[in-house]
Every structure is written in C-alpha cells, then in structure tokens.
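Okay, structure first, notes after.
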Amino acid sequence: MTRLSTLARRLTVTLATLLAVTAAPPTAQAKTGTDKAPKDFVALRTVDPTIIQEMRYFTPHNFVGERIDGYRQPLCILTRPAAEALHKAQKRLLRQGYSLKVYDCYRPQRAVDHFVRWAEDLDDEAMKSEFYPNVDKTRLFLDGYIAEKSGHSRGSTMDLTIVRLPARPTRPYVPGEPLLPCYAPKGERFPDNSVDMGTGFDCFDTLSHTLDPRIQGRQRANRLLLKGTLEALGFVNLAEEWWHYTYKPELYPDTYFDFPVSSKSLTTHK
C-alpha cells in the first residue's frame, strides 16, 4: 500500500470517528469515575446458573485478537430485570431441549474505547480473516460495526445464542491458529457448540442480519427460535446482528457505565 493510500484510509477513519462522536445521544451520561455498579446490577449466574457463559471479550478470540479492557473475569453482568427475563426465556428453552449461551452482557465504556482505538489502527488486521473478511477496516465506523457508545454499557443488552442439550464443550481458541471466515459452513468455521445460525458470533457481514433472505432452512429456524423466545418476553433484536438483544424498558436508557466486569464491582457478589 502506498503512503498516499494509507493517508487516505486514515483520513476516512478520522472522519468516521468524528461522525460517530457527533451522532452520540446528547443526553448520554458516562459514569467513568467509579468501579462499583448500582445495586440493581447482578451476576447472571446468581439469577440463572444454567445459562451457559462463553464470555468472548475475556479471551483473545474476538475481532481485536486480545482480551478487551475492563474484562477482569469471564462474567455476565446485567441489570436485574434483564437477567430475570433471560431466566424466563431459559426455562422455556430448557423444555425444548435447548439452553441459552451468552457471549457478552454488560460492557464497560473502557472496553468500547478499546474497540475504537483498535478500529483506528488500520495496520492491525490480525483477525480480519475470521471476523470481517469482506469489510475494509476504514468502513467499520461508517457501516456501524464500531461506535463510540454501545447499548451494552447501559446494562440491559446482551449477545447470545442457543445450544442444543446436552452441551458439548467448545475447544479453546489458540492465538495464531489459522482463521476461517465467520460465514463459512458450520463444520469449517471455528467450532462453537451452539446451533447453526448461519454465521459465527461477531461476524461483520450482512449475512449476520437477523432476517437476511439468504439464510434459510434450519439456520433461519434457529434464528427465529431465539428471536421468538426473547421477543415474547420483552427483548428487542438489533436487526443487523442475530445475536444482539436488549431488554425493554431499560433501567438506564441514557447512562453508559464504566465499572469493570468483575464480581467485585457488584454490591452483592458471589
């Protein structure tokens, strides 16, 4: 790549970042001065210990390729109403031979900031082959894959999937191992014990749109099972990501927290 083209890519990212900042809700408050969560945040396992947790940002198996800032434990933290609603969804799925599995729950602002720094570093494409093989990194802000604020930081949003029981363990990711596209057939992409949703988690591709017409058959049925189960209990899906759901109404619709993902952040922890 020439120096001129590299400069042009960096200018594109800078412009996209500025647009993302100016588009942030004017009422948003960032709670960055405390390491303690409000009392109505809970560890999901204290509400439902049967829901499987595979907290990807605590591991290097994510689009950045390293553990993300603020994830001190592989722990799902949510506002209590969101956790209790997930418990109800889990009871319905267990009767059908399935379990929920969460990939991410509450996400501190410092983690979102980590994503932004990574997106601005156009030379770091270590995980591109798996997570964004068809997306130029200069477009991550413009296409909405990365933003300055995340609903996850408000505490009622989670990324999740469904696992057929009995659940088989998912093998650990080994840093440096060969990467395959997140939209490859299930038997070829990185192994996951979830049902086949047509793409892997955090796949930056239009195939991840929940109702993308190219996703049919069993893959579509699996997405609709997750969607129908959760929406019946007050969750709202982000149309661009089959795994992304927010419980409504949110306790903190305009507040973005920054306490770490750790049991020590919680008023009551186990």
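Residue indices begin at 1 and follow the sequence shown.
Partner of Trp118 under the ring-ring contact (aromatic ring centres under 6.0 Å, His included) criterion, out of Tyr57, Tyr132, Phe131, Tyr145: Tyr132 alone. Of the listed residues (Leu233, Ile51, Asp48, Leu44), just one forms a side-chain contact (heavy atoms from CB on, under 4.5 Å) with His87, and that residue is Asp48.
Annotation for Ala83 and Val47: closest pair O-CG1, 3.7 Å, computed over non-hydrogen atoms. Taking every heavy atom of both residues into account, Ala37 and Thr267 meet most closely at O-OG1, 3.7 Å.
Checking side-chain atoms of Asn237 against main-chain N and O of Glu241 turns up a donor-acceptor pair under 3.5 Å. For the pair His244 (side chain) and Asp159 (backbone), a donor-acceptor distance under 3.5 Å is absent.
Between Pro81 and Tyr247, the closest side-chain pair of non-hydrogen atoms falls below 4.5 Å. Looking only at side-chain heavy atoms (C-beta outward), Leu211 and Arg220 come within less than 4.5 Å of each other.
Judged by distance alone, the side chains of Trp242 and Thr161 never bring a donor and an acceptor atom under 3.5 Å apart. A donor and an acceptor atom, one from each side chain of Gln90 and Ser99, are located under 3.5 Å apart. The closest side-chain donor-acceptor pair between Thr79 and Ser156 falls under 3.5 angstrom.
Taking CG of Asp258 as the reference point, atom OH of Tyr106 lies at 5.5 Å (rounded to 0.5 Å). Here the CG-CZ distance, from Asp196 to Arg223, works out to 9.0 Å after rounding to the nearest 0.5 Å. The structure places CG of Leu140 at 12.0 Å from CZ of Phe115, a figure rounded to the nearest 0.5 Å. Atom CG in Asn193 sits 12.5 Å away from atom CD1 in Ile162 (nearest 0.5 Å).
Using a 30° and 60° split on the angle between ring planes, Phe201 and Trp243 fall in the perpendicular class, above 60°.
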Checking salt bridge (charged side-chain N to carboxylate O under 4.0 Å, His left out) for the pair Lys88/Glu84: CA distance, chi angles, key distance, verdict? CA-CA 7 Å; Lys88 293 177 183 177; Glu84 291 177 346; over 6 Å; no

Apply the test salt bridge (charged side-chain N to carboxylate O under 4.0 Å, His left out) to residues Glu120 and Lys137: give CA-CA distance (whole Å), side-chain angles for both, the deciding distance (0.1 Å), then the verdict. CA-CA 9 Å; Glu120 291 173 341; Lys137 199 172 181 183; over 6 Å; no

Worked check of side chain to side chain donor-acceptor pair (under 3.5 Å) between Ser263 and Gln73: CA-CA 8 Å; Ser263 61; Gln73 289 180 269; 3.1 Å; yes

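Atom CZ of Arg168 sits in a sparse spot, with 12 or fewer heavy atoms from other residues, nucleotides or ligands closer than 6.0 Å. More than 12 heavy-atom neighbours from other residues, nucleotides or ligands sit within 6.0 angstrom of NZ on Lys128.
Legend: residues meeting ring pair (Phe, Tyr, Trp, His ring centres under 6.0 Å) with Phe190, ordered by chain and number and at least two apart, are His61. Annotation: ring pair (Phe, Tyr, Trp, His ring centres under 6.0 Å) contacts of Tyr245 (sequence neighbours excluded): none. Scored by the salt bridge (Lys or Arg N to Asp or Glu O under 4.0 Å) test, Asp192 finds Arg56, Lys101 as partners (sequence neighbours excluded). Looking at residues two or more places apart in sequence or on another chain, you find no salt bridge (Lys or Arg N to Asp or Glu O under 4.0 Å) involving Asp40. With sequence neighbours left out, the side-chain hydrogen bond (donor to acceptor under 3.5 Å, both in side chains) criterion links Lys248 to Glu250.
Judged by the 6.0 Å and 45° rule, Arg154 forms no cation-pi pair with Tyr252. A cation-pi contact, defined as under 6.0 Å to the ring centre and within 45° of the axis, is absent between Lys36 and Phe259.
Counting side-chain heavy-atom gaps under 4.5 Å among Ile, Leu, Val, Met, Phe, Trp and Tyr, the cluster of Ile215 also holds Tyr183, Leu207.
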